[in-house]
Enquirer: 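Below: one structure in structure tokens.
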Amino acid sequence: MSILENLNPQQQEAVQCTEGPLLILAGAGSGKTRVLTHRIAYLIYEKKVYPGNILAITFTNKAAQEMQERLEKLVGSAAERLWVATFHSTCLRILRWEIKELGYTSDFVIYDEQDQQTLLKSILKEMNLDENKYTPRSISARISGYKNELKTPDAALREIGNSYYDHQVINIYEEYQKRLKKNNALDFDDLIMLTVKLFKEKPEVLAEYQERFKYILVDEYQDTNTAQYMLINLLAAKHKNLCVVGDDDQSIYQWRGADIRNILSFEEDYPEAKVIKLEQNYRSTKNILGAANEVVKNNTRRKAKTLWTEKEGGDKIHYYTAQDEVDEALFIVRTVRQIREEENKDYKDFAVLCRTTGQFRAIEESLIRANIPYRVFGGTKFYDRKEIKDILAYLRVIANPFDEVSLKRIINTPKRGIGETSWDKLVKYANTNGKTIYDCMAEPEAAGIGAKTAAAVKAFRKQMEGFKELSNSNITFLTTKILEDTGYRQELELEKTIEAETRLENLQEFLTVTKRYDAESQGGDLAAFLAEISLMTDIDNYDSDEDAMVIMTMHGAKGLEFPVVFITGMEENLFPHSRSIASNDPEEIEEERRLCYVALTRAKEKAFLTRAWRRSIFGRDSFNKESRFIGEIPEKYLENPLKREKAAFSGSLLSGAPSSVSRASSSCSFYVGDKVTHVKWGQGVVVSVKGTGEDAEISVAFPDQGIKKLIAKYAPLKKVTN
DNA sequence: AAAACGCCGGTTTTT
DNA sequence: CCGGCGTTTT
């Protein structure tokens, strides 16, 4: 049986145990993707399961893509019939078929974060709410939280107290939801929530999909939220052939609503469940794995397990304290060059992991200067660029004229003399007369718009109607026509700036995307194209054969592995992040620690931890202590422990500084982590120090007051000595 | 209506 | 260091 070759006994068992619920607790690097793919191959070849009856759900596009590729190698063309997809794209596909049951039409558009905010802002404006008090950002986070828990506005209302603010949030949520529906739009969370709603309200539809997906596999189960959990369990309820794979130590999305209980209580949900543990790590050397294990041991809430490896010790973990972020980047450049020379490695064998995307820039700059090829994942995405969003907005309105967010975006882009005031008039008129904005644009005078602007509005609408006629032709043609006829391209060409040039290039790049789509699907389903695009990330265009270094966030790196890994920014307030420190919630620090575990276990042969003594954040210098996670790695795994800073907080700032930097005031110094008392606000913790000496700006987290910024020489602060 | 300027304000991680 | 936003100017 070739499928079982090269698998260890536990892996073999996991592959063969195909019937009934199965929980695979798979430590980092224990070959879980291998198990999943081989299990699918086993189902197809040994159990003669039709590939179309298998659903494999992953968390990210990247993971789905990788699994699909591996399956193609394993089962050949049968892989085409399999459903290998993320939660979101699975739901998208289902909803494209079934959403009419819920009163939407199948040409719905998907709103991204930015679109949501635009809609929320316009709602706040209409409700006369202060944008500073009800920030779109926090409101959308709240709404997302409710949706992840499958809570409708009504349900949310039932469980809150009598806080006025909370009630308003729910009012906004309710209005937001109404507007989405009116616009025939869904946000990311709706994709999941509405699919669950569909299944709950239409048992006959659910039954159909239960029958279709006789075997379900879910990767990264520890990262599922309530809505996703419900979705899976509904789908699996009939056949109960549910195989979930996860690792509680790698749960790093609780901030996004992931509920670790989903994996911890699987055995209660399915008492007949079989549990298999995979504890042998095939990825990392002993030193790397040992260090990672020791770090994560500091967490309290975890299933006990110990990963082990047969690999040799290998290098100890390297540790470098840089002067600043530029020096940190240069260290990476030097090291990459050296290792490439000595060990004949490719650029693609190296990865730089950062806690935040803001750290990317300094690293990128150094790599460019050093002529080292690299690819960035995360950060500003291709589809988030202004020019791409603009052209997409045109296409979206053509596919779905109810989409007010996109309509607003393009009605005066390029400039047509239709300003904010006219737009507001249209919206108001449409809302009071129960019409759609797009319809009102046929008779703008009725909305009280002056003759000149009215003519512009009508001309614009007429042009859009003309585009609509072409909506069934191929998308490349339509896109080109829009760019020409609206003068969008011309406007950029006339600008003759570098930025305009880049935008034109990006539009050209967009046309290669449409061409590919046109070639693959004969004859344009515009709505399908748009929906697909909205779930895409840059990763989908990633050519894994290209020899380039990788820069990404630690979150983005989950599930991947590299021979050499740089983990940067090992500083308090960056990693663990200041927000997790300030929250005073130990659980948040534990999540950061798991992230550290994930980051370390990406490395196969060498891991470099770096930190900067001084780092420019938002244009200001900040000085942070070494990350606590460094101290959690036992000396025996670290290469040069002597260079480590003393853990003590007592010395001056200089204690951790490289010798060439020698300016710092010793008077009235506060350090991150210091406990202080404030005359008015009581006890707090210093979460950041910017600048030095008496002018230093100190941020202090007070339990009840939040974070306050204070200037050292004025602040009535006293250190609390333990 | 649009450009130009200056001011806070806010900044984690992703589908 | 950006970018978004409100104010002022053209």
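Reminder, nothing fancy here: chain letters follow the sequence lines and each chain counts from 1.
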Enquirer: Would you mind reading off the distance between A:D223 atom CG and B:dT14 atom P, rounded to a whole angstrom?
Expert: 12 Å
Enquirer: According to a strict under-4.0 Å criterion, is A:R137 in side-chain N/O contact with OP1 or OP2 of B:dT12?
Expert: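 For B:dT12, OP1 or OP2 has a side-chain N or O of A:R137 closer than 4.0 Å.
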Enquirer: Taking atom C1' of B:dT15 as reference, at what distance in whole Å does atom CD1 of A:I57 sit?
Expert: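 In whole Å, B:dT15 C1' lies 13 Å from A:I57 CD1.
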Enquirer: Take A:E98 and A:Y209 through the test side-chain hydrogen bond (donor to acceptor under 3.5 Å, both in side chains) and record every step on the way to the result.
Expert: CA-CA 11 Å; A:E98 316 287 350; A:Y209 286 91; 2.8 Å; yes
Enquirer: Can you measure A:M552 atom CE to B:dT13 atom P for me and round it to whole angstrom units?
Expert: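 Rounded to whole Å, this separation is 14 Å.
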Enquirer: Quick test of your reading of the model: are A:D115 and A:R409 salt-bridged, counting only N-O distances below 4.0 Å?
Expert: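 Result for this pair is no, no salt bridge flagged.
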Enquirer: Do A:D189 and A:N148 make a side-chain contact, defined as non-hydrogen atoms from C-beta onward lying under 4.5 Å apart?
Expert: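 Yes - at least one pair of side-chain heavy atoms lies under 4.5 Å apart.
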Enquirer: Is A:R614 paired with A:E325 through a side-chain N to carboxylate O contact shorter than 4.0 Å?
Expert: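 A salt bridge is absent here (no side-chain N lies under 4.0 Å from a carboxylate O).
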Enquirer: Backbone N or O of A:G417 within a donor-acceptor pair of the A:N412 side chain at under 3.5 Å?
Expert: yes
Enquirer: Can you tell me if A:Y253 is stacked onto the base of B:dT13, using a 5.5 Å centroid cut-off and an angle below 30°?
Expert: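 Stacking is absent between B:dT13 and A:Y253, given that the ring centres and planes do not meet under 5.5 Å and under 30°.
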Enquirer: Tell me if the CD atom of A:Q490 is crowded by more than 12 foreign heavy atoms within 6.0 Å.
Expert: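 Counting other residues, nucleotides and ligands, CD of A:Q490 stays at 12 neighbours or fewer.
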Enquirer: Around atom NZ of A:K428, are there more than 12 heavy atoms from other residues, nucleotides or ligands closer than 6.0 Å?
Expert: no
Enquirer: So what does the secondary structure string of DNA chain B come out as, 5' to 3', with Watson-Crick or wobble pairs under 3.5 angstrom, [ ] for crossing and | for pairs with another strand?
Expert: ||||||||.......
Enquirer: Salt bridge between A:E387 and A:R385, side-chain N to carboxylate O under 4.0 Å?
Expert: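 No, no charged N to carboxylate O under 4.0 Å.
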Enquirer: Quick test: give all pairs of protein nitrogen or oxygen and nucleotides 1-4 of chain C nitrogen or oxygen below 3.5 Å, distance rounded to 0.1 Å.
Expert:
from  : atom 1 : to     : atom 2 : distance (Å)
C:dC2 : OP1    : A:R361 : NH1    : 3.1

Enquirer: Between A:K133 (NZ) and B:dG9 (C1'), how many Å, whole number?
Expert: 18 Å
Enquirer: Strictly below 4.0 Å, N to O, side chains only: are A:E328 and A:R615 in salt-bridge contact?
Expert: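 Here A:E328 pairs with A:R615 in a salt bridge, since their nearest N and O are under 4.0 Å apart.
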Enquirer: Is it true that A:D249 and A:R594 have a side-chain N and a carboxylate O under 4.0 angstrom from each other?
Expert: no
Enquirer: Looking at the base of B:dT14, is there any donor atom on it, or on the side chain of A:R256, that sits under 3.5 Å from an acceptor on the other one?
Expert: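 Checked by distance alone, the answer is yes.
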Enquirer: Using a 5.5 Å cut-off between ring centres and planes within 30 degrees, is A:H555 stacked on the base of B:dT13?
Expert: no
Enquirer: Which nucleotide in the set B:dT12, C:dC5, B:dT15 lies at the smallest distance from any side-chain heavy atom of A:E131?
Expert: C:dC5
Enquirer: Once each nucleotide of nucleotides 1-6 of chain B is scored for protein heavy atoms under 4.0 Å, what B/S/- sequence comes out, 5' to 3'?
Expert: SSS---
Enquirer: Quick one: label A:E591 by what it contacts on the DNA or RNA (base, sugar-phosphate, nothing), any heavy atom closer than 4.0 Å.
Expert: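 If one applies the 4.0 Å heavy-atom cut-off, A:E591 turns out to touch nothing in the nucleic acid.
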Enquirer: Please state whether the phosphate of B:dG10, meaning OP1 or OP2, lies under 4.0 angstrom from any side-chain nitrogen or oxygen of A:T135.
Expert: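 False: A:T135 side-chain N/O out of range (4.0 Å or more) of B:dG10 OP1/OP2.
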Enquirer: Pick the closest DNA chain B nucleotide for A:H88 and for A:R579 by heavy atoms, then say which residue is nearer the 5' end.
Expert: A:R579
Enquirer: Whether the side chain of A:H577 and the base of B:dT12 hold a donor-acceptor pair under 3.5 Å is what I'd like checked.
Expert: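 No such pair is found, so the answer is no.
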Enquirer: Thinking salt bridges, do A:E588 and A:R579 make one under a 4.0 Å N-O criterion?
Expert: no
Enquirer: Calculate the interatomic distance between A:E592 atom CD and B:dT13 atom C1'; express it in whole Å.
Expert: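 Computing the A:E592:CD to B:dT13:C1' distance gives 8 Å.
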Enquirer: Just how far, in rounded Å, is P of B:dT12 from CZ of A:F360?
Expert: 14 Å
Enquirer: May I ask you to say whether A:K125 pairs ionically with A:E420, meaning some side-chain N is under 4.0 Å from a carboxylate O?
Expert: yes
Enquirer: For the ring pair A:F188 and A:Y111, is the centre-to-centre distance below 6.0 Å?
Expert: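 That pair fails the under 6.0 Å test.
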Enquirer: A:D115 CG to B:dT14 P: how many Å, rounded?
Expert: 18 Å
Enquirer: I want to verify a distance call: between C:dC5, B:dT13, B:dT15, whose nearest atom is closest to the A:F188 side chain?
Expert: B:dT15
Enquirer: Just to confirm, is there a sub-4.0 Å distance from OP1 or OP2 of B:dT14 to any side-chain nitrogen or oxygen of A:T553?
Expert: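 Yes.
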Enquirer: Expressed in angstrom and rounded to an integer, what is the separation of A:Q359 atom CD from B:dT11 atom P?
Expert: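 The distance from CD of A:Q359 to P of B:dT11 comes to 18 Å, rounded to the nearest Å.
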Enquirer: Map A:T356 and A:E113 onto DNA chain B by nearest heavy atom, then report which one ends up closer to the 5' terminus.
Expert: A:T356
